[in-house]
Participant: 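What follows is a single structure, and I will ask about it in a moment.
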Amino acid sequence: MQQLVDQPELDFQSEVYKDAYSRINAIVIEGEQEAHANYLKLTELLSENQDELIRLSKMESRHKKGFEACGRNLKVTPDMQFAQEFFAPLHQNFQKAAAEGKVVTCLLIQSLIIECFAIAAYEIYIEVADDFARKITEGVVKDEYSHLNFGEVWLKEHFEQSKAELEEANRQNLPIVWKMLNSVEDDARTLAMEKDALVEAFMIQYGEALSNIGFSTRELMRLSAYGITG
Ligand code: Y39
Ligand code: FE
Ligand code: FE
Ligand code: FE
């Protein structure tokens, strides 16, 4: 019987795949590196959570090493310059918020937005990764749920006093996520990761996180759709 939809076999060794991988792999390595630094930075703002934050930052370092191994396994050199530019707007916003002592904004950027982005991308990547990378990514994504949970728990406990800052930080940072996704759409598709699926998975995670923190359904619909047109 003829198949209606043909998903072409992925050739992990092809130049086309490896070229796209050099950017996606770099993004993930850079993201893990910045996540490591971000959780360390947060120890300065949340002294009561010091040990937990150090533990999270060490997990991010391990993730980075795992993904570096994925690149080496495919004989791909990650394009770190591209990845630094990819993360620069979010990175700058995090740094600025940290310098101003805005812990709520820092948590929204790292523990909600970036972690939800990571979970969405990793869950989808697991379905289409090479065997080596799939095993690594399965281990990593479990950790990312716990990082998201750290942010949710803290923000839930401080919900009333954080609400206004969360809304403002969401307004400033969520549109950046859509731009980031647009800029890697073609490379992601080469790895068989569709943009629509990434957007949907992100929205599910992020909406659920906002709901867990204490936003009403009405509020979270408004918040999570912010700037979706990019
Ligand atoms: O907390 C973390 O470990 C997050 C840093 C990692 C972010 C990974 C970002 C993945 C985006 C991949 C985009 C593929 C389409
Ligand atoms: Fe930095
Ligand atoms: Fe990580
Ligand atoms: Fe993480």
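Since this is a predicted model, take the numbers as computed values, not measurements. Counting convention: from 1, in listed order, for ligands and their atoms alike.
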Participant: Just to confirm my output: which protein heavy-atom neighbour is closest to atom 9 (C) of ligand 1, and how far is it?
Facilitator: F87 CZ, 4.1 Å
Participant: Donor-acceptor pairs are to be reported for all side-chain atoms of residues 113-121 against protein atoms at under 3.5 Å, with residues two or more places apart or in another chain.
Facilitator:
unit_1 : atom_1 : unit_2 : atom_2 : d
E115   : OE2    : Y39    : OH     : 2.9
E115   : OE2    : Q110   : NE2    : 3.1
E115   : OE2    : H147   : ND1    : 3.3

Participant: With a 4.0 Å heavy-atom cut-off (strictly under), which part of E115 contacts ligand 1: side chain, backbone, both or neither?
Facilitator: side chain
Participant: Find all atoms of ligand 1 within a distance of less than 4.0 Å from any non-hydrogen atom belonging to E60, and give their numbers and elements.
Facilitator: 1 (O), 2 (C), 3 (O)
Participant: What do we get for Q110 next to ligand 1 when only non-hydrogen atoms under 4.0 Å count, side chain, backbone, both or neither?
Facilitator: side chain
Participant: Examine distances only and state if a side-chain atom of N173 and a backbone atom of A169 form a donor-acceptor pair shorter than 3.5 Å.
Facilitator: yes
Participant: Counting neighbours of CG on D11 that are heavy atoms of other residues, nucleotides or ligands and sit closer than 6.0 Å, is the number greater than 12?
Facilitator: yes
Participant: For atom 4 (C) of ligand 1, grab the closest protein heavy atom and report residue, atom and distance to one decimal in Å.
Facilitator: I114 CG2, 3.5 Å
Participant: Could you work out, with ring-ring contact (aromatic ring centres under 6.0 Å, His included) as the rule, every residue matching H158, not counting sequence neighbours?
Facilitator: W154
Participant: Give the cluster check for I54 versus V103: same hydrophobic cluster or not, with ILVMFWY residues linked at side-chain heavy-atom distances below 4.5 Å.
Facilitator: no
Participant: Does any N or O in the side chain of S146 come within less than 3.5 Å of the main-chain N or O of D143, such that one atom is a donor and the other an acceptor?
Facilitator: yes
Participant: Keeping N49 on the side-chain end and E52 on the backbone end, is there a donor-acceptor pair under 3.5 Å?
Facilitator: no
Participant: Which of the listed options, S183, A20, G31, A121, holds the heavy atom that is closest to atom 5 (C) of ligand 1?
Facilitator: G31
Participant: Relative to atom 8 (C) of ligand 1, which among F117, Y122, F202 owns the nearest non-hydrogen atom?
Facilitator: Y122
Participant: Quick one: name the protein N/O/S atoms under 2.8 Å from the Fe ion (ligand 4), chain by chain.
Facilitator: E60 OE2, E115 OE1, E115 OE2, E144 OE1, H147 ND1
Participant: Side-chain atoms of residues 191-211: list all donor-acceptor pairs with protein atoms under 3.5 Å, sequence neighbours left out, distances to 0.1 Å.
Facilitator:
unit_1 : atom_1 : unit_2 : atom_2 : d
K195   : NZ     : N182   : OD1    : 2.5
Y206   : OH     : N170   : OD1    : 2.6

Participant: Can you check salt bridge (charged side-chain N to carboxylate O under 4.0 Å, His left out) on E160 and K163, steps first, answer last?
Facilitator: CA-CA 6 Å; E160 283 312 321; K163 216 174 162 182; 5.3 Å; no
Participant: Heavy-atom pairs closer than 4.0 Å: do any link ligand 1 to the side chain of E144, the backbone, both, or neither?
Facilitator: side chain
Participant: So if I count the atoms of ligand 1 from 1 in the order they appear, which ones are less than 4.0 Å from some heavy atom of A35?
Facilitator: 1 (O), 2 (C), 5 (C)
Participant: Under the side-chain hydrogen bond (donor to acceptor under 3.5 Å, both in side chains) test against K64, which residue among H36, Q33, E30 passes?
Facilitator: Q33
